[in-house]
Amino acid sequence: MAAVFLVTLYEYLPLFYITVVFVCFLVTSGLVLGWFGLGVPVILRNSEETESSTRVLKKQMRQVKNPFGLEILHPATASVTKGLTLTPDCLEDCILTCYWGCSVQKLHEALQKHVYCFRIKTPQALEDALYSQYLYKQQYFIKKNEKEEKYCQLPEDAQVVDFGPVPRSRYPLVALLTLADEEDREIYDIISMVAVIHIPDESYRLSCRILYQYLLLAQGQYHDLKQLFMSANSTAPPSSNTSPGESSTDRSLLEKVGLAEDEAEVHEENSKDCVVCQNGTVNWVLLPCRHACLCDACIRYFQQCPMCRQFVQESFPLCSKKEQDEDATTHVIQDVHSGRGF
């Protein structure tokens with residue numbers, strides 16, 4: 001009996017091994033191809049037929065009114081020795097305070113103090129948090145809804161021509177915008193704005209621009225403003241950091257190769273610029289890469305950014321469906337009033 005069992009086992013053992021290997025192969029293939037829906041990245045599936053099984057988190061947006069605006073006028077001509085011109089645009093009466101040669105460490109410590117200790121809602125509050133770790137201070141009163149040009153420059157007796165090699169221990173210029181009236185600070189969630197501005201000097205000739213902008217909230221938080229990366233044919237307004245000279249240079253290069261067109265034609269052509277379908281208006285921003293490149297129809301199919309292939313952790317819309325419907329209704333009314341036919 002034992003001999004018969006051993007002979008049978010010897011005959012069928014190779015088939016048993018082959019069966020086990022085949023089953024393992026099927027299970028592995030099923031996992032790889034996503035047959036069991038275990039969150040396989042969407043690039044392994046047909047995005048035109050099937051939506052991704054793993055949903056990208058939609059970030060909850062909170063709409064707040066920012067009373068502060070700041071722009072550098074003629075950044076190409078700005079320098080440490082010649083100074084620069086700032087153009088604040090505020091919804092209420094504000095105070096613009098400029099700190100030349102502000103300590104990098106003390107500024108970030110001040111931002112942390114705004115969160116944990118006290119609120120930076122006046123110039124004196126920031127000055128106390130900085131422990132006077134700056135070279136020179138200028139202050140201006142800004143009237144609401146008036147774009148007043150303010151010229152900022154270090155005095156000649158300061159004898160500062162550069163702030164040393166990179167990495168630096170001091171920012172060239174830190175601009176603080178605060179609300180002038182106490183009553184306004186009770187109305188707005190955003191009570192201050194801190195802008196870190198780079199100004200070219202003899203050691204570092206990078207063009208003048210705003211490096212960082214921080215919005216300080218009355219509740220004790222602060223937000224770091226960051227630019228969105230729009231698609232190449234986006235109709236977004238040009239950044240305030242781009243000088244008029246750079247824009248004209250770019251256009252002249254386009255004209256040389258025959259790609260420049262009238263502004264009206266470019267605007268009409270670029271009104272729908274989703275990088276995937278080329279037929280929908282870009283409305284979704286992907287995080288953390290900050291690429292704004294997808295429309296409402298295409299956002300549900302992607303777990304990776306189609307621009308940089310980085311995995312998307314969160315996303316948020318530039319405007320809600322309600323706002324889009326209101327804009328469409330407004331355009332229809334305007335077209336009817338102008339006598340256009342449909």
Side-chain angles (χ1 to χ4, degrees), residues 59-72 84 86-148 150 152 163 168-199 209-228 240-241 287-288 290 314 316:
K59 196 174 184 66
Q60 294 295 326
M61 303 302 297
R62 178 189 173 194
Q63 185 174 4
V64 295
K65 184 180 291 186
N66 180 15
F68 308 110
L70 187 65
E71 184 180 359
I72 301 175
L84 79 164
L86 298 177
T87 307
D89 185 11
C90 303
L91 300 178
E92 305 292 344
D93 291 343
C94 296
I95 299 175
L96 172 64
T97 309
C98 298
Y99 298 93
W100 288 87
C102 180
S103 170
V104 173
Q105 179 180 352
K106 293 299 179 182
L107 175 63
H108 290 280
E109 288 179 359
L111 294 175
Q112 294 301 317
K113 289 180 180 179
H114 173 79
V115 177
Y116 297 107
C117 302
F118 57 89
R119 306 293 177 254
I120 299 176
K121 54 185 178 180
T122 62
Q124 186 60 45
L126 179 60
E127 194 165 339
D128 293 341
L130 292 176
Y131 295 103
S132 300
Q133 293 295 314
Y134 57 86
L135 301 180
Y136 183 67
K137 182 181 75 171
Q138 293 175 293
Q139 198 168 73
Y140 307 94
F141 181 81
I142 309 299
K143 297 180 181 179
K144 66 177 182 179
N145 298 324
E146 292 186 8
K147 291 188 176 182
E148 304 177 14
K150 301 298 181 182
C152 305
F163 289 93
R168 293 174 164 176
S169 59
R170 293 180 180 270
Y171 287 126
L173 182 65
V174 172
L176 171 69
L177 276 169
T178 53
L179 295 168
D181 297 333
E182 182 69 29
E183 296 180 356
D184 294 335
R185 300 177 196 140
E186 303 297 330
I187 299 175
Y188 290 93
D189 289 334
I190 300 173
I191 55 176
S192 302
M193 184 180 78
V194 177
V196 178
I197 303 174
H198 168 73
I199 305 175
R209 64 190 64 189
I210 296 177
L211 297 178
Y212 311 104
Q213 279 183 297
Y214 303 101
L215 296 179
L216 279 60
L217 277 64
Q219 295 78 15
Q221 302 92 6
Y222 72 90
H223 298 302
D224 181 6
L225 287 182
K226 295 182 178 180
Q227 288 185 333
L228 300 181
S240 60
N241 298 334
L287 298 177
R290 307 200 308 275
E314 292 179 308
F316 66 89

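This chain uses plain numbering: 1 for the first residue, then up along the sequence.
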Show, in sequence, the C-alpha distance, side-chain angles and deciding distance for Cys152 and Leu86, and conclude whether the side-chain contact (heavy atoms from CB on, under 4.5 Å) test is met. CA-CA 7 Å; Cys152 305; Leu86 298 177; 4.0 Å; yes
What is the minimum heavy-atom distance between [X] and [Y], and which atoms define it?
X      : Y      : answer
Gln213 : Asp224 : O-OD1, 3.4 Å
His114 : Leu217 : NE2-O, 3.0 Å
Ile120 : Ala125 : CA-CB, 4.0 Å
Ala129 : Phe118 : CB-CZ, 3.8 Å
Pro172 : Phe163 : CA-CE1, 3.8 Å
Pro67  : Ile190 : CG-O, 3.8 Å

Verify whether one side chain among [X] and [Y] offers a donor that lies under 3.5 Å from an acceptor in the other.
X      : Y      : value
Tyr134 : Glu127 : yes
Glu71  : Thr87  : no
Gln112 : Tyr222 : yes

Check whether any side-chain N or O of [X] sits under 3.5 Å from a backbone N or O of [Y] as a donor-acceptor pair, and report yes or no.
X      : Y      : result
Arg185 : Leu179 : yes
Asp93  : Lys144 : yes
Arg290 : Lys226 : no

From [X] [atom1] over to [Y] [atom2], what is the distance, rounded to the nearest 0.5 angstrom?
X      : Y      : atom1 : atom2 : value
Leu91  : Asp184 : CG    : CG    : 10.0 Å
Glu109 : Gln105 : CD    : CD    : 4.5 Å
Ile197 : Leu70  : CD1   : CG    : 5.5 Å
Leu216 : Phe68  : CG    : CZ    : 9.0 Å
Ile187 : Lys65  : CD1   : NZ    : 9.5 Å
Asn66  : His223 : CG    : NE2   : 11.0 Å

My understanding is that only residues two or more places apart in sequence, or in another chain, count here; which of them pass side-chain contact (heavy atoms from CB on, under 4.5 Å) with [X]?
X      : result
Glu146 : Lys143, Glu148
Val104 : His108, Tyr171
Asp128 : Gln124
Asp89  : Lys147

Gln219 atom CD, neighbour heavy-atom count above 12 within 6.0 Å: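 Yes, CD of Gln219 has more than 12 neighbouring heavy atoms, counting only those of other groups under 6.0 Å.
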Do Leu287 and Phe316 have side chains that approach each other closer than 4.5 Å (heavy atoms only, starting at C-beta)? yes
How about Val196 and Leu107: do any of their side-chain heavy atoms sit closer than 4.5 Å? yes
Counterpart residues, salt bridge (charged side-chain N to carboxylate O under 4.0 Å, His left out), relative to Asp181 (two or more places apart):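 By the salt bridge (charged side-chain N to carboxylate O under 4.0 Å, His left out) rule, Asp181 matches no residue at all.
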Tell me every residue that passes salt bridge (charged side-chain N to carboxylate O under 4.0 Å, His left out) with Glu92, counting only those two or more places apart in sequence or in another chain.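 For Glu92 there are no salt bridge (charged side-chain N to carboxylate O under 4.0 Å, His left out) partners, ignoring immediate neighbours.
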Tyr131 vs Lys106, side-chain contact (heavy atoms from CB on, under 4.5 Å): CA-CA, chis, key distance, verdict: CA-CA 8 Å; Tyr131 295 103; Lys106 293 299 179 182; 4.2 Å; yes
Assess the residue pair Thr178 and Cys94 against the criterion (side-chain contact (heavy atoms from CB on, under 4.5 Å)); give the C-alpha distance rounded to whole Å, side-chain angles, the decisive distance to 0.1 Å, and a yes or no. CA-CA 6 Å; Thr178 53; Cys94 296; over 6 Å; no
May I have the step-by-step check of side-chain contact (heavy atoms from CB on, under 4.5 Å) for Arg170 and Leu135, ending in yes or no? CA-CA 10 Å; Arg170 293 180 180 270; Leu135 301 180; 4.1 Å; yes
